[in-house]
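Here is the structure we will look at, set down as structure tokens.
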Protein chains: 2
Amino acid sequence: MLSFTEENYLKALVQLTGFEVGSKEVGVNKLASKLNVKPATVTDMVKRLKEKSFVNYKKYGKISLTDSGEKLGMFVVRRHRLWETFLHDQLDFSWNEVHELAEDLEHIHSEKLINGLDKLLGYPSFDPHGDAIPNSKGEIFIPFRKTLSEVEVNESCRVVAVKDNSSDFLQYLDKLGLKINDTIKIIQLEEFDSLTTIKINDKQFVVSPKFTENIYVVCPTCGKAKNCTC
Amino acid sequence: MLSFTEENYLKALVQLTGFEVGSKEVGVNKLASKLNVKPATVTDMVKRLKEKSFVNYKKYGKISLTDSGEKLGMFVVRRHRLWETFLHDQLDFSWNEVHELAEDLEHIHSEKLINGLDKLLGYPSFDPHGDAIPNSKGEIFIPFRKTLSEVEVNESCRVVAVKDNSSDFLQYLDKLGLKINDTIKIIQLEEFDSLTTIKINDKQFVVSPKFTENIYVVCPTCGKAKNCTC
DNA sequence: TAATAAAGTTAGACTAATCTAACAATTTTT
DNA sequence: AAAAATTGTTAGATTAGTCTAACTTTATTA
């Protein structure tokens with residue numbers, strides 16, 4: 001059985017090397033800062049994870065997940081996102097309150113529990129932030145999408161997910177009244193200071209690149225991110 | 001913040017000294033065997049709990065909970081029993097599957113979560129084994145009841161709770177088809193070997209004292225355990 | 001390519017929770 | 001009340017996960 005800590009390492013590795021991320025490997029420092037521990041700690045722990053065949057690693061080299069490591073990490077992500085969905089859908093938690101609690105709940109080990117939760121929630125495909133939920137085999141299907149920063153002036157798009165799930169950012173979105181599935185129209189793009197004027201539900205806002213780069217969108221008509229002819 | 005371990009000690013103390021239990025204090029050995037650790041471990045831990053003012057204790061003396069220790073222990077019991085109820089009512093777990101998982105879930109700290117769960121479940125008063133659930137103030141109300149062994153021959157009674165929550169015992173009850181709220185009639189009492197013949201839903205069984213002492217019942221008509229004139 | 005910077009490792013220490021084995025206090029029994 | 005049994009304590013060791021500080025390796029840059 002894996003400890004909480006080991007699971008957190010595997011989850012962090014999935015997030016740093018899995019999904020649509022560029023590189024399939026990561027360094028000690030980057031992993032350490034993701035986990036809020038010192039590099040020395042990671043070196044130690046990674047040795048232990050290598051013993052158990054969850055990672056590939058050699059001294060002074062990069063770290064990557066083995067197949068079994070990735071699968072276990074994926075299950076942690078599955079549990080995390082299902083609990084977030086439960087808290088949001090069944091207990092009326094707002095999307096900025098769910099992450100912290102799910103950090104604890106994700107470590108409860110019971111396939112029966114998690115599959116029961118999945119069923120109770122109606123086998124959701126996405127969590128409250130629009131992130132895909134891995135299925136019971138540990139597979140994840142991430143739909144194509146682009147960031148708001150890739151949308152042209154005068155174009156409209158539909159919000160499908162939020163990249164930065166920090167409480168601060170989500171509370172800012174709440175203040176703007178932005179929710180998943182809302183439509184955003186790009187009104188104006190200021191080359192000089194990179195600010196963008198957008199319209200959400202007929203209200204106009206000026207936002208920074210920090211905003212446009214952290215909102216995932218698709219075409220509101222066809223649902224595609226690229227090559228849409230609508 | 002309390003650690004998992006500290007919470008387990010407080011919960012064990014509540015179970016050994018709280019509720020309708022006779023003595024308000026307990027020895028190191030008894031607590032150790034309840035927690036499946038060695039007495040030496042308890043001696044150490046109890047010193048730490050005393051530092052934090054959760055228990056009263058002095059060398060070679062008995063252990064008892066302070067008010068704050070009892071309150072925290074009671075909250076652990078509340079969380080445990082609400083999770084058991086959730087697993088049973090919402091995820092179709094049988095009553096012999098809920099305990100083990102609730103042992104982990106009870107340590108998730110969030111008043112909002114637990115009160116949300118309480119609401120979702122419709123503020124239940126009893127868990128799947130018929131045990132009372134402490135309210136959000138940490139108060140518990142245990143209704144009067146007696147064990148099946150106190151019921152006279154020819155008398156009928158209604159099952160309200162099960163004392164021994166072990167998986168083995170609960171599975172045995174399943175085999176007999178016994179559920180909370182079922183009616184049991186005492187058919188015959190064998191003085192010689194202490195076996196009792198009972199009728200559950202018109203089926204007859206012979207059971208041992210281990211059975212009759214672990215089933216809590218009340219009068220099926222008035223719901224009282226003592227002085228009923230029905 | 002040599003100097004500097006960045007990244008990674010090692011050794012030694014710490015904490016919480018546990019253990020075993022030896023010992024000490026208390027309680028029960030004779 | 002002395003002996004025996006029970007109960008509880010202490011000291012020292014162990015494990016997981018972390019840290020700091022000093023050191024080593026690899027990468028970058030002048």
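Side chains included, hydrogens not; waters and symmetry mates left out as well; all remaining heavy atoms used.
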(request) Whole angstrom is fine here: how far is it from NZ in B/K58 over to C1' in C/dT26? (result) 15 Å

(request) Only one of A/I198, A/L148, A/V218 passes side chain to side chain contact (heavy atoms under 4.5 Å, CB included) with A/C157; say which it is. (result) A/L148

(request) Would you please say whether a donor-acceptor pair under 3.5 Å links the side chains of A/H107 and A/N8? (result) yes

(request) Would you please test A/N56 and A/S64 for side chain to side chain donor-acceptor pair (under 3.5 Å) and show each step? (result) CA-CA 5 Å; A/N56 307 116; A/S64 66; 3.2 Å; yes

(message) Below 4.0 angstrom, which residues in residues 39-52 of chain A have at least one non-hydrogen atom near DNA chain D?
(response) A/A40, A/T41, A/D44, A/M45, A/R48

(message) Hydrogens and angles aside, do A/Q171 and A/S167 bring a side-chain donor and acceptor to less than 3.5 Å of each other?
(response) yes

(request) Not counting sequence neighbours, which residues clear side chain to side chain contact (heavy atoms under 4.5 Å, CB included) with A/K30? List them please. (result) A/V26

(message) Can you list, in residue-number order, the parts of residues 26-34 of chain B that come under 4.0 Å of DNA chain D, counting heavy atoms only?
(response) B/G27, B/V28, B/N29

(request) Determine, for A/K71 against A/E139, whether the closest basic-nitrogen to carboxylate-oxygen distance falls under 4.0 angstrom. (result) no

(message) Whole angstroms only, please: what is the CG-C1' distance between B/L35 and D/dG8?
(response) 16 Å

What pairs of donor and acceptor atoms, side-chain ones from residues 90-98 of chain B against any protein atom, are under 3.5 angstrom apart with sequence neighbours left out?
unit_1	atom_1	unit_2	atom_2	d
B/S94	OG	B/N96	ND2	3.4
B/S94	OG	B/E97	OE1	3.3
B/W95	NE1	B/D174	OD1	3.1
B/N96	ND2	B/D174	OD2	3.2
B/E97	OE1	A/K112	NZ	3.0
B/E97	OE1	B/S94	N	2.9
B/E97	OE2	A/K112	NZ	3.1

(request) Kindly say whether A/P209 contributes a backbone atom to a donor-acceptor pair with the side chain of A/T212 at under 3.5 angstrom? (result) yes

(request) Take atom CD of B/E25 and atom P of D/dT7, then tell me their distance rounded to the nearest Å. (result) 15 Å

Between N or O atoms, less than 3.5 Å apart, protein on one side and nucleotides 22-28 of chain D on the other: list the pairs.
unit_1	atom_1	unit_2	atom_2	d
D/dT25	O4'	A/Y60	OH	3.4

(request) Could you tell me whether A/K11 and A/E103 make a salt bridge, using a distance below 4.0 angstrom between a side-chain N and a carboxylate O? (result) yes

(message) Assess, by modelled atom type and distance only, whether the side chains of A/D164 and A/S166 contain a donor and an acceptor separated by less than 3.5 Å.
(response) yes

(message) What is the separation between atom OH on B/Y9 and atom P on C/dA16, rounded to the nearest whole Å?
(response) 14 Å

(message) Which helical stems does DNA chain C take part in, if a stem means at least 3 consecutive Watson-Crick or G-U pairs with both distances below 3.5 Å?
(response) C:1-30 with D:1-30

(message) Is it true that A/D131 and A/N165 share a donor-acceptor pair across their side chains at a distance under 3.5 Å?
(response) yes

(request) Measure from CG on A/L2 to C1' on D/dA16 and round the result to the nearest Å. (result) 14 Å

(message) What is the separation between atom CZ on A/F4 and atom P on D/dT18, rounded to the nearest whole Å?
(response) 13 Å

(message) Can you pull out the residues from residues 101-108 of chain A that lie within a 4.0 Å heavy-atom distance of DNA chain C?
(response) none

Which donor-acceptor pairs under 3.5 Å do the side chains of residues 40-48 of chain A make with protein atoms, sequence neighbours left out?
unit_1	atom_1	unit_2	atom_2	d
A/T41	OG1	A/K38	O	3.4
A/T43	OG1	A/P39	O	3.2

(request) Measure from the side chain of A/V37, starting at C-beta and using heavy atoms only, and say which of C/dG8, D/dG17, D/dC19 lies closest. (result) D/dC19

(message) Tell me every residue that passes side chain to side chain contact (heavy atoms under 4.5 Å, CB included) with A/A132, counting only those two or more places apart in sequence or in another chain.
(response) A/F126, A/I140, A/I142

(request) Would you please name every residue forming a ring pair (Phe, Tyr, Trp, His ring centres under 6.0 Å) with B/H99, sequence neighbours left out? (result) B/H80

(message) Can you list everything that forms a side chain to side chain donor-acceptor pair (under 3.5 Å) with A/K24? Sequence neighbours excluded, please.
(response) none

(message) Without decimals, in angstroms, what is the distance between A/M1 CE and D/dA16 P?
(response) 16 Å

(message) A/F54: which residues meet the side chain to side chain contact (heavy atoms under 4.5 Å, CB included) condition with it, sequence neighbours left out?
(response) A/L2, A/L10, A/L49, A/K52, A/S68, A/L72

